[in-house]
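Right, one structure below, let's go through it.
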Amino acid sequence: MPELPEVETIRLTLAGHVIGLGIKRVRVYWPPALCGWEGRDLADIVPGQRIETLGRRGKYVLVNLDGGWTLIAHMRMTGRLYYFPEAHAPEKHTHAVFELDWGELQFTDTRKFGRIQAVPTARLGEVPALRRLGPEPLEQSFTVQVLGERLRPKKVKLKAALLDQSVLAGLGNIYVDEALFVAGLHPERPAAALNDAELVKLHAAIQTVLWAGIESRGTSFRDYRDANGEMGSFQAKLNVYGRAGEPCRQCGRPLARLQLGGRTTVFCPECQG
DNA sequence: ACTAACCTGTAA
DNA sequence: TTACAGGTTAGT
């Protein structure tokens with residue numbers, strides 16, 4: 001579910017509550033959601049450590065602890081990280097509860113795809129999932145030239161390349177479709193074949209769409225909530241995602257749907273050349 | 001480059 | 001009953 005803007009919003013809303021708090025205990029309701037390190041259980045590793053900072057890499061939330069460990073959380077499709085200022089009865093799909101000095105952090109995930117992993121901070125660089133990630137699209141260092149270099153060697157269609165986290169970190173099905181619409185590019189264009197003017201447009205579109213998503217506190221199309229349980233509002237501003245058959249906001253013609261790499265893709269055949 | 005797998009819930 | 005859902009990985 002959450003893509004970069006949603007994960008960033010989770011990070012920001014969580015930071016307001018948990019920075020500086022110690023973890024007293026972890027209650028586990030569905031053990032596969034938690035991954036330990038070299039045979040040690042996460043629930044045995046983190047108690048006694050204090051939450052120092054919260055970071056993000058692509059769609060991962062990084063919880064930096066002062067005892068030399070970092071928690072890496074990925075929500076996949078339906079994962080949620082909730083903060084409650086007081087003890088709160090776990091819900092049907094709550095898999096772990098982190099009891100803090102004040103309040104608690106709950107990890108809830110209906111579809112059970114999400115995971116939280118404990119890793120020694122000094123060895124974060126060894127985690128395959130993080131190693132694979134491409135550049136952060138909102139950082140200064142992500143230039144038009146970098147985008148071009150990432151796309152040029154790819155033999156897949158533009159949509160597939162942008163969904164690939166090793167090309168760029170953080171885009172998912174919603175924001176790829178939205179960025180392609182804003183850039184006026186057809187999702188089936190070969191990724192390697194964009195000219196300079198098109199790269200400039202795509203680069204700007206990716207950043208515009210991601211910043212707008214963050215500004216709206218994410219897209220709550222269905223399941224997404226921030227750490228306070230609040231919905232985002234970007235769903236009201238979507239141009240194409242979830243709008244197949246509806247009129248294009250730019251030209252009025254009906255939006256088309258396509259199946260690309262197993263993912264539904266919506267675009268405007270008129271505006272996206 | 002596609003498909004299945006991992007899961008549950010909801011809508012058609 | 002079936003199709004589909006914001007993700008990722010492994011195996012064809």
Side-chain angles (χ1 to χ4, degrees), chain A residues 1-11 29-35 56-61 72-81 90-96 107-117 127-134 137 153-181 187-192 206 209-210 212-214 216-226 230-245 257-267:
Chain A
M1 139 195 41
E3 306 177 28
L4 188 153
E6 288 75 38
V7 177
E8 181 65 8
T9 305
I10 290 171
R11 183 184 76 80
Y29 295 91
W30 193 66
L34 305 179
C35 312
R56 181 189 57 73
R57 181 78 174 92
K59 301 173 189 172
Y60 294 85
V61 176
I72 308 175
H74 198 303
M75 313 301 149
R76 285 304 214 282
M77 300 288 266
T78 54
R80 295 174 176 182
L81 276 176
E91 294 162 26
K92 186 176 178 188
H93 299 290
T94 298
H95 304 320
F107 179 62
T108 297
D109 183 8
T110 307
R111 290 179 71 179
K112 297 180 172 171
F113 294 163
R115 297 288 183 269
I116 301 179
Q117 184 180 6
V127 178
L130 296 180
R131 288 183 75 108
R132 273 197 281 274
L133 295 179
K154 293 291 159 186
K155 294 184 191 152
V156 296
K157 292 167 180 169
L158 192 47
K159 161 107 185 200
L162 293 175
L163 281 176
D164 183 344
Q165 301 299 294
S166 72
V167 171
L168 269 190
L171 290 178
N173 211 24
I174 295 179
Y175 293 94
V176 167
D177 279 10
E178 294 300 314
L180 288 174
F181 175 81
E188 289 187 292
R189 289 277 302 276
I206 290 169
V209 162
L210 290 176
I214 292 171
S216 296
R217 307 173 67 82
T219 304
S220 291
F221 195 80
R222 178 174 265 127
D223 301 292
Y224 166 72
R225 298 293 184 277
D226 70 18
E230 309 261 350
M231 291 175 49
S233 63
F234 198 65
Q235 60 277 14
K237 298 180 180 164
L238 296 173
N239 282 305
V240 286
Y241 180 86
R243 298 191 65 238
R257 180 207 312 266
L258 205 61
Q259 209 67 20
L260 268 180
R263 315 298 300 279
T264 295
T265 300
V266 183
F267 69 105

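These numbers were taken from a predicted model, which means no experiment stands behind them. Sequence lines set the chain letters: A, B, ... in the order given, protein chains first and strands last, and positions in each chain run from 1.
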Whole angstrom value for the distance that separates [atom2] of [N] from [atom1] of [X]:
{"X": "A:D109", "N": "C:dA5", "atom1": "CG", "atom2": "P", "result": "18 Å"}
{"X": "A:D164", "N": "C:dT9", "atom1": "CG", "atom2": "P", "result": "10 Å"}
{"X": "A:Y224", "N": "B:dT10", "atom1": "OH", "atom2": "P", "result": "20 Å"}

Taking the same atom, [atom1], in [N] and in [M], what whole-Å distance lies between them?
{"N": "B:dC2", "M": "C:dA5", "atom1": "P", "answer": "16 Å"}
{"N": "C:dT1", "M": "B:dC6", "atom1": "C1'", "answer": "22 Å"}
{"N": "B:dA4", "M": "C:dA3", "atom1": "P", "answer": "12 Å"}

Kindly give the heavy-atom pair with the smallest separation between A:E3 and A:Y175, and that separation in Å.
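Shortest heavy-atom separation between A:E3 and A:Y175 comes out as OE1-CD1, 2.8 Å.
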Range-with-range stems of DNA chain B (Watson-Crick or G-U pairs under 3.5 Å, three or more in a row)
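Result, WC/G-U stems under 3.5 Å: B:1-6 with C:7-12, B:8-12 with C:1-5.
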Between [options], spot the one nearest the side chain of [X], thanks.
{"X": "A:T110", "options": "C:dA5, C:dT9, B:dT8", "value": "B:dT8"}
{"X": "A:W30", "options": "B:dC7, C:dT9, C:dG7", "value": "B:dC7"}
{"X": "A:R263", "options": "C:dT8, C:dG7, C:dT9", "value": "C:dG7"}
{"X": "A:H93", "options": "B:dT8, C:dA5, C:dT8", "value": "B:dT8"}
{"X": "A:F113", "options": "B:dT8, B:dC7, C:dA5", "value": "B:dC7"}

Which residues share a side chain to side chain donor-acceptor pair (under 3.5 Å) with A:E91, sequence neighbours left out:
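Not a single residue meets the side chain to side chain donor-acceptor pair (under 3.5 Å) criterion with A:E91.
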Sequence neighbours left out, what passes side chain to side chain donor-acceptor pair (under 3.5 Å) with A:R115? Give chain and number order.
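Counting only residues at least two positions away or on another chain, A:R115 forms no side chain to side chain donor-acceptor pair (under 3.5 Å).
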Among residues two or more places apart or on two chains, list those pairs meeting side-chain hydrogen bond (donor to acceptor under 3.5 Å, both in side chains) that have a residue in residues 231-242 of chain A.
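Applying side-chain hydrogen bond (donor to acceptor under 3.5 Å, both in side chains) to every pair that reaches into residues 231-242 of chain A, excluding sequence neighbours, yields A:S216-A:K237.
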Got a sec? Which of residues 153-161 of chain A come in under 4.0 Å of DNA chain B, heavy atoms?
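DNA chain B contact set from residues 153-161 of chain A: A:K155, A:V156.
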Would you check if the side chain of A:D226 reaches a backbone N or O of A:T9 as a donor-acceptor pair within less than 3.5 Å?
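A pair under 3.5 Å: no.
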Flag, side chain of A:R132 to backbone of A:G134, donor-acceptor distance under 3.5 Å:
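No, A:R132 side chain to A:G134 backbone: no donor-acceptor pair under 3.5 Å.
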Would you indicate what [X] reaches in the nucleic acid, counting non-hydrogen atoms under 4.0 angstrom: base, sugar-phosphate, or nothing?
{"X": "A:D223", "value": "base"}
{"X": "A:G262", "value": "nothing"}
{"X": "A:R132", "value": "sugar-phosphate"}
{"X": "A:T264", "value": "sugar-phosphate"}

Is the phosphate of C:dT8, meaning OP1 or OP2, less than 4.0 Å from a side-chain N or O of A:K59?
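So the side chain of A:K59 is within the cut-off, an N or O lying under 4.0 Å from OP1 or OP2 of C:dT8.
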C:dG7 phosphate, OP1 or OP2: any side-chain N/O from A:Q165 under 4.0 angstrom?
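Looking at the OP1 and OP2 atoms of C:dG7, neither is under 4.0 Å from any side-chain N or O of A:Q165.
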Residue that, paired with A:L171, satisfies side chain to side chain contact (heavy atoms under 4.5 Å, CB included) out of A:L163, A:V209, A:L162
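Single side chain to side chain contact (heavy atoms under 4.5 Å, CB included) partner of A:L171 among A:L163, A:V209, A:L162: A:L162.
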Polar side chain donor-acceptor pair, A:Y60 to A:Q117, under 3.5 angstrom
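The criterion, which ignores hydrogens and geometry beyond distance, is not satisfied for A:Q117 and A:Y60.
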Is any side-chain N of the basic residue among A:D109 and A:R76 closer than 4.0 Å to the acidic one's carboxylate O?
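No, this pair does not count.
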What salt bridge (Lys or Arg N to Asp or Glu O under 4.0 Å) pairs are there with at least one residue in residues 160-173 of chain A, not counting sequence neighbours?
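For residues 160-173 of chain A: A:K154-A:D164.
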